[in-house]
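Here is the structure we will look at.
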Amino acid sequence: MRPAPTILHLDMDAFYASAEQAAKPSLRGKAVVVGGLGPRGVVATASYEARRLGVHSAMPTAQARRLAPNAAYLVPRFSLYRTVSNQVMELLGRLSPLVEPLSLDEAFVDLEAGGTADDSASARATGEGLRVAIRAVTGLSGSVGLAGSKMLAKIASEQAKPDGLVLIEPGTERELLAPMSVRILPGVGPATGDHLRRAGMTTVHDLAEAGEAELVRLVGKAHGHGLFRMALGLDDRPVVAERDAKSVSVEDTFDVDLHDRVRVRAEVERLAVRCVERLRAADRSGRTVVLKVRRYDFSTLTRSETLRGPTDDPTVVREAAARLLESVDTTGGVRLLGVGVTGLADYTQEDLFAQAADARELAQRALEHLAPAAEGGEEEAAPEPEADSAEQLAARRWPAGHDVHHEEHGHGWVQGSGIGRVTVRFEEPWSAPGRVLTFRIDDPQLRPADPLPLVRESPDYSSWPASLPKSRSSGAAASEGGESSP
């Protein structure tokens with residue numbers, strides 16, 4: 001534990017939904033739900049307006065529609081979210097060399113390592129300055145927690161939501177934690193929480209009073225020891241600048257189970273290409289290809305193949321995934337497919353042409369072995385893949401919420417599509433709410449477009465945070481007091 005609250009935790013507020021509201025003037029102040037829109041879709045993020053109606057992340061979209069039938073339901077735009085995330089992470093990097101990203105919208109920062117804070121006053125000033133900078137650069141709000149440990153900084157940012165700042169003064173940790181639910185502590189999920197509840201422990205105070213020996217008896221030595229320390233407010237984990245990814249993967253859940261083997265293989269190959277795109281975006285390569293198949297009965301199978309060397313070649317990954325599929329029975333139907341690459345490295349094996357050729361040869365041999373010959377010497381015709389409906393094709397080409405450009409009307413976003421039509425609202429982040437027009441889905445003047453920046457003219461923060469107080473003497477006048485939120 002540190003004697004000063006110099007660990008900062010930033011959590012952007014309802015990130016995906018807030019970004020969509022900032023991009024779409026007509027949705028500001030309204031319920032917005034971002035996630036999968038099919039029958040098996042899941043909510044990724046809900047705006048605060050939607051949360052007041054009972055919608056929350058990880059909820060099935062079908063349930064969300066029952067709770068908030070008039071909300072705007074949008075397909076995620078990860079290119080926009082990554083762009084905004086990069087802007088936020090750049091600001092954090094100006095505060096300290098030790099920034100530990102947890103996701104696109106969440107990170108820890110060691111302010112002491114960056115020399116931007118050494119006491120409560122300077123830490124508060126830095127946190128407030130960060131919130132101002134984030135809003136100026138991205139147009140979005142973030143909540144900031146400040147404390148002497150990572151655990152307490154994260155708890156503080158949760159208390160600060162939305163759009164606030166909470167600072168926990170060192171020395172007040174046990175008093176603050178005591179009345180809180182045991183679920184507030186890292187590593188205490190539903191199962192552990194229920195186990196502790198049955199033992200009569202529902203608050204952090206109960207854990208501290210029970211003692212280390214009792215917790216070890218209940219949940220095991222390693223977990224019990226850590227749980228007791230956290231109940232006392234003790235957390236010595238450092239902020240780690242590099243969180244090395246162990247794998248890169250993509251997966252899709254299908255609205256209707258796939259039965260056609262040709263369609264399943266085509267989807268696996270498509271996912272393999274997307275996986276490699278993510279791999280290359282991270283400047284990585286990998287040695288082991290993993291296939292994930294969830295069948296109609298929810299049973300999940302995984303298969304893996306380790307290559308001769310790390311690769312980021314889409315042909316190699318695609319053909320390896322296809323070979324793995326041959327060992328999986330998909331007769332009853334497939335509801336989810338995923339392709340991943342593990343064993344990541346920072347380099348790619350230089351000569352992969354022979355490996356790709358070997359893979360193609362093995363795949364060809366497998367196909368020749370599996371393809372049965374019909375009587376009379378003629379090969380049996382491959383089954384036709386399941387055809388997508390016009391509605392499914394339109395939804396894929398024009399996802400709800402995604403950007404479009406019309407040669408006459410300019411920039412807009414898709415409100416919805418169906419019956420051969422696509423409805424577009426024409427507006428920009430800095431405009432007034434725009435008008436709505438409907439077009440044929442094959443209108444030659446309408447095309448997909450890239451997202452616009454959320455802020456028309458981003459201010460220059462190249463010299464930031466030079467003006468922030470960095471010492472006890474200069475920061476003392478900035479703010480006083482302990483836990484607070486504006």
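Remember, predicted model here, so these are calculated numbers, not experimental data. Basis for what follows: all heavy atoms, side chains included, without hydrogens, waters or symmetry-related copies.
- In this structure, the side chains of Val341 and Arg284 stay at 4.5 Å or more apart for every pair of heavy atoms.
- Atom NE2 of His9 sits about 3.5 Å away from atom CD of Glu106, to the nearest 0.5 Å.
- By the 4.5 Å heavy-atom criterion applied to side chains, His56 and Arg51 are not counted as neighbours.
- Under the 3.5 Å distance criterion, with hydrogens and angles disregarded, a donor-acceptor pair is assigned to the side chains of Thr306 and Thr288.
- Leu146 has its side chain within reach of Leu165: a pair of non-hydrogen atoms, C-beta onward, lies under 4.5 Å apart.
- The side-chain heavy atoms of Ile134 and Met12, taken from C-beta on, include a pair separated by under 4.5 Å.
- Between Leu301 and Arg303, the shortest heavy-atom distance links the atoms CB-NH1, 4.1 Å.
- In terms of heavy-atom proximity, Ala44 sits nearest to Ser57 at O-CB, 3.3 Å.
- Within a 6.0 Å radius of CG in Asp450, no more than 12 heavy atoms belonging to other residues, nucleotides or ligands are found.
- Under a 4.0 Å N-O distance rule, the pair Arg124/Glu128 does not qualify as a salt bridge.
- Looking at Ser141 and Ser18, their side chains never come closer than 4.5 Å, going by heavy atoms from C-beta outward.
- Judged by distance alone, the side chains of Thr300 and Arg294 do bring a donor and an acceptor atom under 3.5 Å apart.
- One distance of note links NE2 of His259 with OG1 of Thr330; it measures 9.5 Å at 0.5 Å rounding.
- Taking both residues in full, the closest heavy atoms of Pro97 and Ala113 are given as CD-O, 3.9 Å, listed atom of the first, atom of the second, then distance.
- Under the 4.0 Å criterion applied to side-chain N and carboxylate O atoms, Asp11 and Lys154 are not assigned as salt-bridge partners.
- Atoms CG and CD1, on Leu176 and Ile168 in that order, are 4.5 Å from each other to the nearest 0.5 Å.
- No donor-acceptor contact under 3.5 angstrom links the side chains of Asn86 and Thr83, judged on distance only.
- At distances below 3.5 Å, at least one donor-acceptor pair connects side-chain atoms of Arg28 with backbone N or O atoms of Ala22.
- Glu173 and Gly233 get closest at one heavy-atom pair: CB-CA, 4.2 Å.
- With contacts defined as side-chain heavy-atom distances shorter than 4.5 Å, the pair Trp398/Gln415 does not qualify.
- Counting only heavy atoms from C-beta outward, the side chains of Met201 and Leu218 approach each other to under 4.5 Å.
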Residues Glu267, Arg263; criterion salt bridge (Lys or Arg N to Asp or Glu O under 4.0 Å); working and verdict: CA-CA 6 Å; Glu267 292 293 343; Arg263 170 69 184 279; 2.9 Å; yes
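- At a threshold of 4.0 Å, the pair Glu326-Arg323 does not count as salt-bridged, since none of the basic side-chain nitrogens sits closer than that to a carboxylate oxygen.
- Going from atom CG of Asp13 over to atom CG of Asp105 covers 9.5 Å, rounded to the nearest 0.5 Å.
- Minimum heavy-atom separation, Phe228 to Leu207: CD1-O, 4.1 Å.
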Does Glu49 form a side chain to side chain contact (heavy atoms under 4.5 Å, CB included) with Lys30? I'd like the steps, not just the answer. CA-CA 6 Å; Glu49 296 85 354; Lys30 298 181 180 179; 5.9 Å; no
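- In this structure, Tyr16 and Phe78 have perpendicular ring planes: the angle between them is above 60°, well past the 30° mark.
- Of the inter-residue distances, the one linking Lys24 atom NZ with Arg425 atom CZ reads 11.0 Å to the nearest 0.5 angstrom.
- The distance from atom CD of Glu214 to atom CG of Leu227, rounded to the nearest 0.5 Å, is 11.5 Å.
- Checked for salt-bridge contact, Glu277 and Arg274 miss the test: no charged N lies under 4.0 Å from a carboxylate O.
- In this structure, Arg65 is positioned above the aromatic face of Tyr73, its NZ or CZ under 6.0 Å from the six-membered ring centre and within 45° of the axis.
- Remark: the backbone N or O of Gly340 is not paired with any side-chain donor or acceptor of Ser249 at under 3.5 angstrom.
- The shortest side-chain heavy-atom distance between Ile155 and Leu177 falls under the 4.5 Å cut-off.
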Passes salt bridge (Lys or Arg N to Asp or Glu O under 4.0 Å), Glu100 versus Lys150? Steps please. CA-CA 11 Å; Glu100 182 178 342; Lys150 292 169 70 173; 2.8 Å; yes
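- Of the candidates Asp110, Asp236, Asp119, Arg2 forms a salt bridge (charged side-chain N to carboxylate O under 4.0 Å, His left out) with just one, namely Asp110.
- Look at Arg40 and Asp252 and you find no salt bridge, because none of the NZ, NE, NH1 or NH2 atoms lies under 4.0 Å from a carboxylate O.
- In this structure, the side chain of Ser181 does not engage the main chain of Ile184 through any donor-acceptor pair within 3.5 Å.
- When all heavy atoms of Leu454 and Ala19 are compared, the closest pair comes out as CD2-O, 3.8 Å.
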